[in-house]
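Notes to accompany the following structure.
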Amino acid sequence: MSRPDDADTPPYVDVEAALRDEFAGVHAPATVTRCIEAAHYGALEVAGGAHRGLVERIARKHLEVLALVAAEGG
């Protein structure tokens, strides 16, 4: 059963908060948001669905790769 305020809450708000904390000092909050959006659409396109766990794993991988590139001076 959903709560009345669920319609106003972005679907991955908890994922975004967790990844922002995890990558604080590495990526700007806007980068985290973009990776979550890309993960959402990628999951829909490839897997046909975008459940929370899948989106979180894909976004985390995106952020890890971006951090690696930045650390290597790319």
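The chain is numbered in sequence order, starting from 1.
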Minimum heavy-atom distance between Ala39 and His62, given as atom pair plus value: N-CE1, 4.2 Å
Using the rule side chain to side chain contact (heavy atoms under 4.5 Å, CB included), only one of Val15, Leu63, Val13 pairs with Ile36; which is it? Val15
Which heavy-atom pair separates His40 from Val55 by the least distance, and what is that distance? CA-CG2, 3.9 Å
Would you name the heavy atoms of Leu19 and Glu56 that are closest together and state the gap between them? CD1-O, 4.4 Å
Less than 4.5 Å apart, side chain to side chain, heavy atoms only: is that true for Phe23 and Arg60? yes
Calculate, to the nearest 0.5 Å, the distance between atoms CD and CD belonging to Glu22 and Glu64 respectively. 7.0 Å
Search all heavy atoms of Arg52 against all heavy atoms of Asp14 and return the closest pair with its distance. NE-OD2, 2.8 Å
Are Tyr12 and Val32 connected into the same hydrophobic cluster when the rule is that any two of I, L, V, M, F, W, Y join if their side-chain heavy atoms are below 4.5 Å apart? yes
Name all pairs fulfilling the salt bridge (Lys or Arg N to Asp or Glu O under 4.0 Å) condition that reach into residues 26-46, sequence neighbours left out, sorted by first residue then second. none
Any side-chain heavy-atom pair from Leu66 and Cys35 closer than 4.5 angstrom? yes
